[in-house]
Amino acid sequence: MKALTFNRHIAALLLGSMLAGASPALAETVLHRGNAGEPQTLDQAHTSINIEEFILKDLYEGLTIYDAAGKIVPGAAESWTISDDGTVYTFKLRDNGKWSDGSPVTADDFVFSFQRVEDPKTAAGYANILYPVKNAQKVNKGEAAVDQLGIKAVDAKTVEITLERPTPFFLELLAHQTALPVSKASVEKNGADFVKPGTMVSNGAFKLVSHVPNDNLVVEKNPNHWDAANVKLDKVIFYPIDDQAASIRRFEAKEMDLVYNFSADQIERLRTAYNTQVHVSPTLATYYYAFDTRSEPYSDVRVRRALSMAVDRDFLAKEIYSGSQIPAYSMVPPGIEGYGEPSRADFSGDSQLDREDKAVALMKEAGYGEGGKPLAIEIRYNTNPNHERVATAIADMWKNTFGATVTMVNLDVSSHYAFLQEGGKFNVARAGWVADYADAENFLALSVSTNKTFNYGSFNNPDYDALMTKSYEERDPAARSKVLHEAEALLMKEQPVAPLLTQADLWMVSDRVKGWEDNAANQHLSRFLSVSE
């Protein structure tokens with residue numbers, strides 16, 4: 001017994017010595033991302049807003065992706081070729097491309113994913129993003145079978161996509177969240193449950209671990225990703241906080257490394273306290289109000305124009321957004337290559353006082369306001385202090401100019417957009433559009449009468465639709481740009497949407513975060529980021 005006890009003692013000493021000399025386990029590298037709201041969905045076919053996009057692009061990888069600088073680079077496809085006439089794209093998938101369950105990413109997965117989006121049974125709200133693909137619109141409208149869609153698997157690792165016409169921004173479309181692939185095997189096995197933690201099979205740099213609605217969503221590094229060796233984060237935790245003050249408090253407490261869309265009235269204070277950690281990044285995005293043209297008085301162009309003219313955009317930009325946004329009089333933001341200066345509303349050159357005088361005259365002509373029918377207006381907006389301040393300011397402008405009675409109602413971001421996309425009736429609703437691709441068509445297509453998802457106010461103008469159709473048929477870039485300008489000029493004359501501001505993205509980025517690059521596309525995949533103490 002004594003010998004045995006002695007040996008155990010020696011062994012314990014030896015083990016202690018070994019442990020003392022060993023290197024400590026490496027701490028887990030975690031990025032804490034504030035995400036400005038709870039996602040409606042993690043299903044590619046039903047996504048529509050950027051707080052979903054930020055998560056989905058960490059989980060999945062399209063044929064093309066945006067790099068840290070916001071430029072299009074190869075993603076699941078390592079290379080591609082384009083036919084001389086610009087209508088056939090052939091993509092070579094990576095040989096080492098795998099799903100998170102270890103199975104290979106195949107051409108059939110992409111064929112299945114694209115067909116799923118366009119299948120009318122799926123009811124994908126963003127199906128139109130892929131309409132440049134041959135027969136996509138016909139398939140989506142039930143006029144052609146899904147197997148007629150212009151995408152096919154040449155072999156297991158080769159995808160061929162045929163377009164209706166040359167589409168110069170097609171590679172950017174393929175980086176959109178709607179074009180992210182799903183695992184055919186997983187969707188066929190799990191149905192709608194394929195999006196759940198523990199079930200989801202993804203091909204991006206991360207995989208879904210857990211999701212507690214309105215609390216957090218956790219993703220972990222996907223060891224099966226083709227570039228896993230260069231992914232520096234072990235875990236990313238998304239916090240769906242739409243309370244901007246709470247987000248900033250958590251940033252200041254070092255509980256979050258990134259905060260998206262903080263309150264603009266805090267810019268100067270935050271710059272004083274955090275200097276370069278405050279990022280104001282101009283982007284291709286328009287902040288606008290939509291009028292419900294299905295009912296009076298918003299079916300009257302005179303009322304829409306009068307309400308739009310009475311909004312002092314300079315006040316919104318300077319006083320509410322502290323100069324971080326630019327007054328907007330066009331639906332298309334400036335800075336789109338090949339489009340030039342957007343077509344602005346014809347009242348954009350007038351002084352604000354002149355606009356208000358003309359607005360009063362228009363409203364009187366329409367029979368509303370002082371001496372006419374009373375104006376009772378409800379403004380809807382998604383919960384956010386900036387949007388509340390904008391709505392409050394505009395309510396005062398309409399009250400002072402027309403004697404209108406204005407009320408406000410707000411919902412969380414997911415519920416707000418779900419209401420609009422499902423055709424809910426309203427008076428005036430706040431909306432924002434961030435470019436899916438750098439082309440004027442992306443902003444102008446929102447108001448085409450057949451766009452049931454994003455034409456919130458149900459604007460229906462045959463002349464406008466005809467111009468947009470003509471733009472799709474025009475192959476000469478200069479002629480196409482001219483047609484799109486004509487369409488925008490008509491849209492700004494009719495004012496079914498009132499552009500208010502050209503947006504900038506507001507981010508707080510902790511000094512711990514490395515690899516961050518501001519970019520107009522507002523693309524910040526976690527795989528390109530790292531954290532350090």
Side-chain angles (χ1 to χ4, degrees), residues 23-39 41-44 47 50-62 65-68 75-76 97-102 105 177 180 183 186 194-242 246-247 249-261 277 507-517 522-533:
S23 299
L26 292 175
E28 195 172 43
T29 305
V30 182
L31 176 70
H32 299 269
R33 290 187 69 146
N35 203 38
E38 177 67 23
T41 180
L42 293 180
D43 182 343
Q44 295 88 320
T47 181
N50 58 6
I51 60 174
E52 297 162 350
E53 173 193 20
F54 295 146
I55 299 169
L56 282 167
K57 288 187 177 178
D58 275 0
L59 294 170
Y60 293 92
E61 187 171 85
I65 65 171
Y66 286 95
D67 67 8
K98 294 181 180 179
W99 293 101
S100 54
D101 64 358
V105 175
Q177 63 259 42
L180 295 173
S183 162
S186 178
F194 85 92
V195 299
K196 293 184 176 180
T199 301
M200 180 184 286
V201 176
S202 59
N203 73 324
F206 298 88
K207 58 183 181 179
L208 182 63
V209 174
S210 65
H211 181 197
V212 181
N214 299 307
D215 189 347
N216 66 72
L217 184 147
V218 181
V219 303
E220 288 184 352
K221 181 177 177 177
N222 175 13
N224 286 309
H225 184 254
W226 65 269
D227 197 32
N230 292 313
V231 177
K232 298 179 177 63
L233 299 172
D234 297 311
K235 181 185 293 184
V236 182
I237 304 177
F238 290 88
Y239 300 94
I241 304 174
D242 57 10
S247 291
R249 285 195 296 271
R250 294 190 68 173
F251 180 87
E252 293 185 305
K254 300 187 184 302
E255 295 174 2
M256 294 202 307
D257 302 307
L258 300 175
V259 168
Y260 176 55
N261 219 11
Q277 295 179 76
W507 287 89
M508 292 296 295
V509 183
S510 168
D511 283 341
R512 294 181 66 235
V513 178
K514 308 302 178 186
W516 180 275
E517 294 187 47
N522 198 27
Q523 296 289 319
H524 305 286
L525 277 64
S526 298
R527 63 175 282 198
F528 298 122
L529 303 176
S530 62
V531 293
S532 61
E533 296 303 329

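Quick note: numbers below take in every heavy atom, side chains included, and nothing from hydrogens, waters or symmetry partners. Sequential numbering from 1 along the given sequence is applied to the chain's residues.
Side-chain contact between Ile65 and Arg527: present, with at least one pair of heavy atoms (C-beta onward) separated by less than 4.5 Å. Here the side chains of Asn522 and Tyr260 are in contact, with some heavy-atom distance below 4.5 Å. For the pair Pro197/Val209, no side-chain contact is recorded, criterion being any heavy-atom separation below 4.5 Å from C-beta on. Inter-residue side-chain proximity for Met256 and Ile241 is flagged as met; some heavy-atom pair is nearer than 4.5 Å.
Not one N or O on the side chain of Lys207 forms a donor-acceptor pair closer than 3.5 Å with the backbone of Ser202. Lys235 contributes no side-chain N or O that, together with a main-chain N or O of Glu28, makes up a donor-acceptor pair within less than 3.5 Å. Panel note: side chain Asn35, backbone Pro240; no donor-acceptor pair is recorded below 3.5 Å.
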**OP:** Before giving the answer on side-chain contact (heavy atoms from CB on, under 4.5 Å), spell out for Leu233 and Val531 the whole-Å C-alpha distance, their side-chain angles and the decisive distance to 0.1 Å.
**Re:** CA-CA 8 Å; Leu233 299 172; Val531 293; 4.1 Å; yes

Subject >> Worked verdict on Asp43 versus Phe194 for side-chain contact (heavy atoms from CB on, under 4.5 Å) >> reply: CA-CA 8 Å; Asp43 182 343; Phe194 85 92; 3.8 Å; yes

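Nearest heavy atoms, Ile55 versus Pro39: CD1-CG, 4.0 Å. A pairwise comparison of heavy atoms in Ser100 and Asn224 identifies O-ND2, 3.0 Å as the closest pair. Listed here is the closest heavy atom pair of Val259 and Ser247: CG2-O, 3.6 Å. Closest approach of Thr29 and Lys232 over heavy atoms only: CG2-O, 3.7 Å. Scanning both residues, Leu208 and Lys196, for their nearest heavy atoms gives CD2-C, 4.1 Å.
One finds the CG atom of Asp101 at 11.0 Å from the CG atom of Asn203 (value rounded to the nearest 0.5 Å). Interatomic distance, CE of Met200 versus OH of Tyr60, reported as 4.0 Å (0.5 Å rounding). Put simply, CG on Leu59 and CG on Asn222 are 9.5 Å apart, with the number rounded to the nearest 0.5 Å.
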Contacts under 3.5 angstrom, residues 210-218 side chains, donor-acceptor by atom type, not counting sequence neighbours:
from   : atom 1 : to    : atom 2 : distance (Å)
His211 : NE2    : Glu38 : OE2    : 2.7

Please tabulate, for side-chain N and O atoms in residues 509-516, each donor-acceptor pair with protein atoms closer than 3.5 Å (sequence neighbours left out).
from   : atom 1 : to     : atom 2 : distance (Å)
Ser510 : OG     : Arg512 : N      : 3.0
Asp511 : OD2    : Gln277 : NE2    : 3.4
Arg512 : NH1    : Asp257 : OD1    : 2.5
Arg512 : NH1    : Asp257 : OD2    : 3.0
Arg512 : NH2    : Glu533 : OE2    : 3.1
Lys514 : NZ     : Asp511 : O      : 2.9
Trp516 : NE1    : Asp518 : OD1    : 2.8

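The only member of Gln523, His524, Gln177 that meets side-chain hydrogen bond (donor to acceptor under 3.5 Å, both in side chains) when paired with Lys57 is Gln523.
Between His32 and Tyr239, the ring-plane angle classifies as parallel under the 30° and 60° cut-offs.
A side-chain donor-acceptor contact under 3.5 Å links Ser526 and Asp58.
Qualifying salt bridge (Lys or Arg N to Asp or Glu O under 4.0 Å) partners for Arg33, counting only residues two or more places apart in sequence or in other chains: none.
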